[in-house]
Amino acid sequence: MFRIEYPHLDMRKIADSGQIFRFNIYEDEFSLVAGDKLLFIKEDGDGYILSCSEEEFNDFWLDYFDLRLDYKEYEKNIPKSDLFLIKATEYSYGIRILNQDKWEMLISFIISQRKSIPAIKSSVEKLSKVYGKKIDMQVPGFIKNIDPDTEFYSFPTPEALANASIDELNACSLGYRSPYIEATSKAVFRKDIELEELSKLNDTELLAALMSLKGVGIKVANCVALFGYHRIAAFPIDVWIKRMIDEHYDGEFPLELYEGYAGVIQQYIFYYGRESVKHSSN
DNA sequence: TGCCAGGTATAGG
DNA sequence: CCTATACATGGC
């Protein structure tokens with residue numbers, strides 16, 4: 001167990017920000033599966049109690065939650081006249097761009113196309129349950145809201161998915177994406193493409209390399225770059241972002257104001273846009 | 001119940 | 001280069 005307290009870190013918002021699909025909320029507690037790691041979190045005043053040791057936190061989770069960067073820097077160029085973005089940024093205070101696993105982001109965002117976030121989460125869980133490994137870790141005693149019998153599964157390896165049949169993949173509600181997952185898994189497993197090696201490429205080259213894979217277009221490539229490679233200049237445009245840009249910027253967002261980190265701004269707009277619709281529709 | 005979802009591949013112009 | 005269309009299926 002280890003307690004942390006940082007400015008600009010809100011687990012609830014991050015869990016619900018659409019950049020991660022295996023971060024679940026149980027009132028004031030959370031479960032988070034990242035690759036083959038499992039973390040339990042409990043709100044504790046202005047901080048959080050984590051199920052990991054201080055050493056594991058420093059070795060892995062500190063960078064995972066992107067806690068070395070000062071997010072105030074990303075807000076300084078927002079014009080005072082841009083009331084929408086000022087509001088979106090305030091509303092999103094505490095969201096950080098996580099450093100997630102490249103392979104997991106690639107598969108998760110191929111699945112994400114034309115699916116709602118709950119449906120994406122459901123598909124990723126099914127895939128993990130079928131092709132991942134049961135994580136050997138007890139729900140710790142300080143976690144009260146999660147059934148101790150709950151089983152958690154790691155995200156499947158490229159090998160596991162490359163060896164799956166189309167019929168088996170179909171059982172995970174992938175729909176027409178099953179052949180994409182199959183082709184991409186095989187390409188990664190055969191090392192036709194090496195995801196770690198792509199880190200050496202610049203942003204443009206990285207997007208092009210990712211888009212050579214079946215089922216990866218410009219939007220998915222940008223999400224993988226942003227959330228898997230921490231290319232915070234990447235600016236994925238999905239239906240929500242397009243809607244916000246059309247409504248508040250007359251169809252053209254001033255990217256040049258946020259050079260090098262527009263992806264962070266994108267995430268604020270996405271979160272604020274979705275949450276405001278969520279709350280106005282009931 | 002019918003509509004829509006963190007889009008992409010493909011064909012046709 | 002651009003635009004139009006098909007695509008499987010769950011969640012609400």
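Worth saying up front: this structure is predicted, and the values here are computed from it rather than measured. First the proteins, then the strands, lettered A, B, ... as listed; each starts at 1.
- When the ring-ring contact (aromatic ring centres under 6.0 Å, His included) test is applied to A/F2, the partners found at least two apart in sequence or on another chain are A/F57.
- By the 4.5 Å side-chain criterion applied to Ile, Leu, Val, Met, Phe, Trp and Tyr, A/V33 is assigned to a cluster that also includes A/M1, A/Y26, A/L38, A/F40, A/I49, A/I135, A/M137, A/V139, A/F142, A/I143, A/I146, A/F152.
- When side chains are defined from C-beta on, A/K121 counts as touching A/N24, because their heavy atoms get closer than 4.5 Å.
- Looking at heavy-atom distances under 4.0 Å, A/G18 makes contact with a base.
- Atom CG of A/L106 and atom C1' of B/dG7 are 15 Å apart (whole Å).
- A/L226 comes within 4.0 angstrom of no nucleic acid atom, judged by non-hydrogen atoms across all strands.
- Pairs of residues two or more places apart, or lying in two chains, never qualify as salt bridge (Lys or Arg N to Asp or Glu O under 4.0 Å) while including a residue from residues 145-164 of chain A.
- Rounded to whole Å, the distance from CG on A/L210 to P on B/dG7 is 17 Å.
- Listed in residue order, the members of residues 231-240 of chain A having a heavy atom less than 4.0 Å from DNA chain B are A/P236, A/D238, A/V239, A/W240.
- Annotation: ring-ring contact (aromatic ring centres under 6.0 Å, His included) contacts of A/F60 (sequence neighbours excluded): A/Y64.
- Across all strands shown, A/S17 has heavy atoms under 4.0 Å from base atoms, whether or not it also approaches the sugar-phosphate.
- Rounded to whole angstrom, the span from the CD1 atom of A/I218 across to the P atom of B/dG7 amounts to 14 Å.
- Inspection of the A/E75 and A/Y93 side chains reveals no N or O donor paired with an N or O acceptor under 3.5 Å.
- For the contact set between residues 86-104 of chain A and DNA chain B, defined by any heavy atom under 4.0 Å, there are no members.
- Residues of residues 264-271 of chain A having a heavy atom closer than 4.0 Å to DNA chain B, listed by number: A/Q266, A/Q267, A/F270.
- Spacing of P atoms, B/dG6 relative to C/dA6, comes out at 22 Å, to the nearest Å.
- Checked against a 6.0 Å centroid threshold, the rings of A/F235 and A/F253 count as neighbours.
- With sequence neighbours excluded, the residues satisfying ring-ring contact (aromatic ring centres under 6.0 Å, His included) with A/Y261 are A/Y74.
- Every residue two or more places apart in sequence or in another chain that forms a salt bridge (charged side-chain N to carboxylate O under 4.0 Å, His left out) with A/D16 is listed here: A/K278.
- The residue among A/I241 and A/L213 whose nearest nucleotide of DNA chain B lies closer to the 5′ end is A/I241.
- Two residues are said to be in side-chain contact when any heavy atoms from C-beta on lie closer than 4.5 Å; A/R12 and A/E43 meet this criterion.
- Listed by first then second residue, pairs satisfying salt bridge (Lys or Arg N to Asp or Glu O under 4.0 Å) with a partner in residues 228-242 of chain A read A/D203-A/R231, A/K242-A/D246, not counting sequence neighbours.
- Atom P of nucleotide B/dG7 and atom CD1 of A/I181 are separated by 14 Å, given to the nearest angstrom.
- In this view, A/F227 and A/F109 satisfy the ring-ring contact (aromatic ring centres under 6.0 Å, His included) rule, not counting sequence neighbours.
- Between A/W103 and A/F155, the ring-plane angle classifies as perpendicular under the 30° and 60° cut-offs.
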Return the polar atom pairs (N/O with N/O) between nucleotides 3-12 of chain C and the protein under 3.5 Å, or none.
unit_1	atom_1	unit_2	atom_2	d
C/dA8	O4'	A/Y176	N	3.2

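- Comparing the P positions of C/dA8 and B/dA11 gives a spacing of 15 Å, expressed to the nearest Å.
- Nearest-nucleotide positions on DNA chain B for A/G217 and A/R243 put A/R243 closer to the 5' end.
- Between the side chain of A/R96 and the main chain of A/L69, a donor-acceptor pair closer than 3.5 Å is present.
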